[in-house]
A.B. asks: 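Could you have a look at this structure, given as C-alpha cells, before my questions?
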Amino acid sequence: MRWLFGDQLGPHYLGGGDVDPDPDGERILIIESRSAFARRNYHRQKAHLILSAMRHRARELDDRAHYVAAATFRDGLAGVDGPLSVVNPTSWAARGFVHSLSDSRPMEILASRGFVTSETEFASWVAGRKHLRQEDFYRYARKRTGILMDNGEPEGGRWNFDAENRKPPPRGATTLGLPEPWWPVEDDIDAGVRADLAQWEAEGLRFVGDDGPRRFAVTRDEALRVLDDFIAHRLAIFGPYEDAALVGDWPMAHSLLSAPLNLGLLEPSEVIARVLDAWREGRVPLESAEGFVRQVMGWRDYVWHLYWHFGPDYVRHSNALDAHTPLPAWFRELDTAQVKARCLSTALEEVRARGWNHHIIRLMVLGNWALQHAFDPREVTEWFTANYVDAYPWVMAANVVGMALHADGGRMATKPYAAGGAYINKMTDFCRGCAYRPDRRVGPEACPVTAGYWAFIAAHADAFARHPRMAQAARGLDRLKDRDALLAQELARGSRAP
Ligand SMILES: Cc1cc2nc3c(=O)[nH]c(=O)nc-3n(C[C@H](O)[C@H](O)[C@H](O)COP(=O)(O)OP(=O)(O)OC[C@H]3O[C@@H](n4cnc5c(N)ncnc54)[C@H](O)[C@@H]3O)c2cc1C
C-alpha cells in the first residue's frame, strides 16, 4: 500500500517502488490527522485547501483509496496492516517520523519527487562551494536539464532579462486589465470540509483569516485549468510586471500555481514544458518564459534543496541580526483596522481574505517590516507557515529566515532585502491615498517604512559599515540631518501599528 501525505497528491507520487510496482494496482492510504491542524492557528482557508485536496484525491482513487480520519498519524496507521511504501516526505519532522516507523514495520521509503532537480544533483552542485548563489544554481540547472538552452548557450544569448522584466505598474493603472483568473467551483466535498472546520472550531481548534470561496486548485484537473488559464491570459506579461503590485489587482499576472504545485498536484517540469511550448509557438515572449522558469526551477528547487542543506536547526538557530521582538498582536491577528500605512494594511488584508499574496508583497512589504522591526525569526516563520495557503516548512526556511529576515547572516542572500517607502512607491500604487508620504522621514506624515529603513540601518550601523553591499547605506545614515529625531520617533513607535 502506498501512503500519500497531503502534499503528495498527484499521479507522480504513485508507483515506482519495489513493494507494488504497478501504479494502477496500488492501494492508497491517506491519513487525515486532526492533530496536524491543531499544531498552530492556521488560516481557515489553508486548512480548507488541504482537507479538500486530500478528500478529492480519495474520491478520485475510489475503491483503491483507504482514507483514515484519525486523531494522529500514529493512530491512523494503527489499523493498517502490511507493508507500506512512501515517497520521502517534505519536512525534517515527517522524515524523522517515517524513518522511525520503519524500525517497527515494513516500510519502503522512496526518493523524494516533485522538483525538477534531484537531491543528488544539488549535492553535486553544492560540493566544495563556499558561497551559495541562486543565480549559479539556476544556471547549473539550466545546463543540466537543457531547459532554455541552445547548443550550450542560454536561449536569446542571455541568462536573464531583468532589463525587460521587473517594471513598475503602468502609470496611473489600477489593474493590469487582465481577464479574471479561472476560479474553481466549490462542490459537496468543500461543503463537507467547511462544516467539519466549523465543528472543529466549536470544539476548540482556532483558525485565523476569513472563510472565503476557495480560490486555489485542489485537484489535478483544477490545477491544469489554472495552468492553461495562466498561459493563455497572464504569462505574456508575467515577466514585465512580476515585481509590481496594485491595490485593486491582487493576482496581477501571477500564476496562482504555488498551492497546487506544493500539494503535489502538478510536476514543475510539466509546468515548465507547457510554458516553453507557449514560447516556442510565439504566444509569449522569451523574457516572460524565462522569468517564470527562473521562479519555478531557479527559486522553488533552490529553496527546497537549501532546506535540507541547511539542516533541521536552521530556523531555530538563525538569528544573526539579534531580532527578538515578539510579533505584535495587530500583525499576528491580521488586525488591519489599526493599520494606517496602506502598504501594510493592503498586504495584511490580502492575507486575511485568502491566505496569499504575491512575492514582492511577502518580501518587500511584510518581510521588510518584520526585518526593520526585528521581529523574531522563529515567530515570523510560524506566522507565514500558519497563514499562507502554499506554506510548508521546506519553503519557509530559506524564504523567511534567509531571504526576508537575513537571519542566517548571509548564507542565503548577499544582503538584507531592506527598503524604504521609495521602493514601494515605485513598484506599487500603495502610497497613493496613504496617510503617510514615502519621501518624509520625520513628523506626522513620515512614512513608517522609510523611517523604519533608516532605523534598521542605524541599529546595525557598525556591522553594515564593514559590509560590502551595505556600507553605502551606512554612510547615507551619517548624512541624515534629522537622524536623531528619526531614531527617537522610531523608538517611540516600538511595535505599534503604523
Ligand atoms: C517571505 C516569503 C514567504 C514565502 N512563502 C512561500 C510559501 O509559503 N510557499 C511558496 O510556495 N512560496 C513562498 N514564497 C515564494 C513566492 O512568494 C510564492 O511562491 C509566490 O508568490 C506564489 O504565487 P504564484 O504561484 O502566483 O507565483 P508566481 O509568481 O506565478 O511564480 C511561479 C512559481 O514559482 C515558484 N516560486 C517563485 N518564487 C519562489 C520562492 N522564492 N520560493 C519557492 N517557490 C517560488 C512558486 O512555485 C510559484 O508558484 C515566499 C516568498 C517570501 C519572500
Side-chain angles (χ1 to χ4, degrees), residues 7 42-43 46 49 90-91 114-116 134 137-138 165-166 178 181 215-217 223 226-227 229-231 233-235 237-245 249-269 271-272 274-275 288-307 315 347 350-351 354-371 375 377 380-407 412-413 416-417 419:
D7 56 356
Y42 281 110
H43 197 295
K46 180 191 178 94
L49 198 78
T90 62
S91 70
F115 293 85
V116 184
Q134 182 269 345
F137 169 76
Y138 171 59
N165 290 346
R166 302 170 183 276
L178 298 169
R215 289 302 195 197
F216 295 89
V226 175
L227 174 60
D229 180 72
F230 168 65
I231 292 175
H233 301 297
R234 298 202 299 289
L235 174 59
I237 60 163
F238 172 84
Y241 297 118
E242 64 182 305
D243 283 359
D249 192 346
W250 66 266
M252 299 289 282
H254 291 275
S255 67
L256 311 179
L257 283 171
S258 53
L261 272 168
N262 296 353
L263 287 166
L265 295 167
L266 296 173
E267 277 204 272
S269 34
V271 172
I272 289 173
R274 298 282 285 276
V275 164
S288 279
E290 188 283 320
F292 188 77
V293 169
R294 172 182 293 271
Q295 300 308 313
V296 175
M297 185 169 69
W299 279 107
R300 186 172 182 273
D301 266 47
Y302 189 56
V303 302
W304 160 255
H305 293 307
L306 289 183
Y307 175 70
V315 173
E350 288 186 354
V351 178
R354 52 193 87 86
W356 184 93
N357 7 63
H358 80 65
H359 188 70
I360 229 59
I361 303 181
R362 299 185 200 203
L363 184 64
M364 300 311 289
V365 178
L366 296 167
N368 189 32
W369 186 265
L371 171 73
F375 287 0
V380 180
T381 307
E382 275 294 306
W383 183 86
F384 273 103
T385 309
N387 277 296
Y388 281 71
V389 288
D390 51 13
Y392 294 86
W394 65 265
V395 70
M396 288 293 95
N399 272 311
V400 177
V401 172
M403 191 158 22
L405 302 181
H406 206 69
M412 158 86 189
Y417 279 90

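Both counts, for ligands and for their atoms, begin at 1 and track the order of listing. When a residue number appears, it is its place in the shown sequence, counting from 1.
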A.B. asks: Restricting to pairs with a member in residues 385-395, which pass salt bridge (Lys or Arg N to Asp or Glu O under 4.0 Å), not counting sequence neighbours?
C.D. replies: Arg362-Asp390
A.B. asks: Kindly compute the distance separating CG (Leu363) from NE2 (His358), expressed to the nearest 0.5 Å.
C.D. replies: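 So the gap between those two atoms works out to 11.0 Å.
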A.B. asks: Applying side-chain hydrogen bond (donor to acceptor under 3.5 Å, both in side chains), name anything that partners Gln134, two or more places apart in sequence or on another chain.
C.D. replies: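 In terms of side-chain hydrogen bond (donor to acceptor under 3.5 Å, both in side chains), with neighbours along the sequence ignored, Gln134 is linked to no residue.
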A.B. asks: Check whether any side-chain heavy atom of Leu257 lies under 4.5 Å from a side-chain heavy atom of Val296, and answer yes or no.
C.D. replies: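 No. Closest side-chain heavy atoms not under 4.5 Å.
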A.B. asks: My understanding is that only residues two or more places apart in sequence, or in another chain, count here; which of them pass side chain to side chain contact (heavy atoms under 4.5 Å, CB included) with Ala398?
C.D. replies: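 Ala398 satisfies side chain to side chain contact (heavy atoms under 4.5 Å, CB included) with Val303, Leu306, Met412 once adjacent residues are dropped.
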A.B. asks: If you define the side chain from C-beta out and look only at heavy atoms, does anything of Trp356 sit under 4.5 Å from Ser258?
C.D. replies: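 Trp356 reaches Ser258 side chain to side chain.
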A.B. asks: Mind listing the N or O contacts between ligand 1 and protein, cut-off under 3.5 Å?
C.D. replies:
| residue | atom | partner | partner atom | Å |
| --- | --- | --- | --- | --- |
| ligand 1 | 5 (N) | Arg362 | NH1 | 3.2 |
| ligand 1 | 8 (O) | Asp390 | OD1 | 3.2 |
| ligand 1 | 9 (N) | Asp390 | O | 2.9 |
| ligand 1 | 9 (N) | Asp390 | OD1 | 3.2 |
| ligand 1 | 11 (O) | Asn262 | ND2 | 2.9 |
| ligand 1 | 17 (O) | His359 | ND1 | 2.9 |
| ligand 1 | 21 (O) | His359 | N | 3.2 |
| ligand 1 | 23 (O) | Trp356 | NE1 | 3.3 |
| ligand 1 | 25 (O) | Ser255 | OG | 3.4 |
| ligand 1 | 25 (O) | Leu257 | N | 3.0 |
| ligand 1 | 25 (O) | Ser258 | N | 2.9 |
| ligand 1 | 25 (O) | Ser258 | OG | 3.4 |
| ligand 1 | 26 (O) | Ser255 | N | 3.2 |
| ligand 1 | 26 (O) | Leu256 | N | 2.8 |
| ligand 1 | 29 (O) | His254 | ND1 | 2.6 |
| ligand 1 | 30 (O) | Ser255 | N | 2.8 |
| ligand 1 | 30 (O) | Ser255 | OG | 2.7 |
| ligand 1 | 38 (N) | Gln295 | OE1 | 3.2 |
| ligand 1 | 41 (N) | Asn399 | OD1 | 2.9 |
| ligand 1 | 42 (N) | Asn399 | ND2 | 3.0 |
| ligand 1 | 49 (O) | Ser258 | N | 3.1 |

